[in-house]
Amino acid sequence: MLSEERHQAISSALRRSGAVTVAVLSAQLEVSEATIRRDLDLLAKAGALRRVRGGATDARGSVRPEADLRSFADVAGTATAAKQSIAARACAEVRDGEVIALDIGTTVAAMCPLLAERSLTVVTASLAVVRSLAAAPGIDIMILGGLLRPNYDSMVGTLTESALGQVRVDRAFLGAAGVRPDGAVLDSTPSEVPIKRGLLDVAAATYLLADHEKFPGSGFLEIAPLSRFTALITDRPPLPVAIALPEGEDVEVLLP
C-alpha cells in the first residue's frame with residue numbers, strides 16, 4: 001500500500017472513531033508499527049491529527065475517550081473456560097436481595113447469564129451488562145450515565161464518577177489488566193481507572209476477578225493494592241507469580 005493510501009485510510013479511521021492506535025492500524029493496513037508511527041508523525045506535522053501515546057486523535061479535538069486495542073465484542077468472543085469458572089465462583093458470593101456493582105470487562109460480564117434468575121439490584125457502567133440483564137425479571141438495573149466509550153460499551157467521565165459516588169452497594173466485582181508481584185492491581189485505560197477506584201470506595205465487599213493470564217498481565221496505571229479487595233477470585237493455584245503483599249496485609253483467594 002502506498003503512503004498516500006495509508007494516510008487516507010488513517011484519516012478515514014480518525015473521522016469514524018476520533019482516535020486510532022498504532023497497533024490497530026498496523027494490523028488493519030498490514031504494515032509494521034514503525035511505518036505507522038512514521039505516517040502519524042508526518043500527518044501530525046501537517047496538522048492533520050494530534051499525536052498521543054500509542055496513537056493519534058483528531059486534530060480538531062474530541063471528548064471521545066481513548067480507543068481500545070480490541071473491542072468488547074472481540075474480547076468477549078474469545079472468553080475462556082477459566083473466565084467462565086471465575087464468573088461462576090463470583091456468582092456464588094451473591095445473595096438474593098443484594099445491591100451489586102458489575103464493572104466493565106468480559107470476565108465480569110460472564111456473570112450475567114448466571115444471575116439472570118436472581119433477585120437483585122445491579123449498578124453498572126457497562127452497556128454489555130445492561131443488554132444481558134435487561135430482560136431478567138427479578139433484576140433492577142441502575143445505569144451510571146456518562147460519556148460512551150463506543151468500542152468497549154462502557155460509560156466513563158465525570159458524570160459517571162459523580163453518579164457512582166451517590167450509591168452504596170453490598171458487593172462490587174471488578175476486572176483488571178494485570179497484577180504485579182508486589183500486589184499492585186493495574187489497568188491500561190485512563191478513563192476507566194477512576195470508575196474502578198470509585199467501585200472500591202462504595203462497596204461493602206469487593207472482588208477482583210482475574211484469571212492466571214493476569215499475573216502479571218499488563219497495565220501501567222495502578223487501580224489499588226490487592227489488599228484493598230475483600231477477595232481475589234482466580235482459576236488455579238498456585239498463582240503464576242508469587243504475590244508479596246506488605247507485612248500485615250492479606251487477601252482471601254477464592255477458587256472454582
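- Side chains of R6 and S3: no donor on one and acceptor on the other come within 3.5 Å.
- Here the shortest heavy-atom pairing between A88 and L114 reads CA-CD1, 3.6 Å.
- Between D201 and R228 a salt bridge is recorded (basic side-chain N to carboxylate O distance below 4.0 Å).
- A distance-only check finds no donor-acceptor pair linking the side chain of S162 to the backbone of T158 [under 3.5 Å].
- The two residues D182 and R180 have their closest heavy-atom pair at OD2-NH2, 2.7 Å.
- The closest donor-acceptor contact from the side chain of R50 to the backbone of G47 lies at 3.5 Å or more, if one exists at all.
- With hydrogens and angles ignored, the 3.5 Å screen pairs a side-chain donor or acceptor of E98 with a backbone N or O of R95.
- A donor-acceptor pair under 3.5 Å is absent between the side-chain atoms of R149 and the main chain of L147, judged by distance alone.
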* Test log, rule side-chain contact (heavy atoms from CB on, under 4.5 Å), inputs L209 and M111 -> CA-CA 11 Å; L209 279 55; M111 296 173 62; 3.9 Å; yes
Run K83 and T106 through side-chain contact (heavy atoms from CB on, under 4.5 Å) and show every step you take.
CA-CA 8 Å; K83 290 183 178 181; T106 55; 2.9 Å; yes
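- When all heavy atoms are compared, the tightest approach of L221 to T189 is CD1-C, 4.1 Å.
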Steps toward side-chain contact (heavy atoms from CB on, under 4.5 Å) verdict (L144, V123): CA-CA 7 Å; L144 300 171; V123 177; 4.0 Å; yes
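- Side-chain contact check for E192 and S154: at least one donor-acceptor pair (N or O, by modelled atom type) lies under 3.5 Å.
- When all heavy atoms of T107 and I86 are compared, the closest pair comes out as CG2-CG2, 3.9 Å.
- Between the side chain of S191 and the main chain of V156, no donor-acceptor pair closer than 3.5 Å is present.
- Around the CD atom of E33, the shell of radius 6.0 Å holds more than 12 heavy atoms that belong to other residues, nucleotides or ligands.
- Judged by distance alone, with hydrogens and angles left aside, the side-chain atoms of D211 form no donor-acceptor pair with the main-chain N or O of A82 at under 3.5 Å.
- Side-chain atoms of D103 do not come within 3.5 Å of backbone N or O of F173 as any donor-acceptor pair.
- Within the 3.5 Å criterion, the main-chain N or O of A210 finds a donor-acceptor partner in the side chain of T234.
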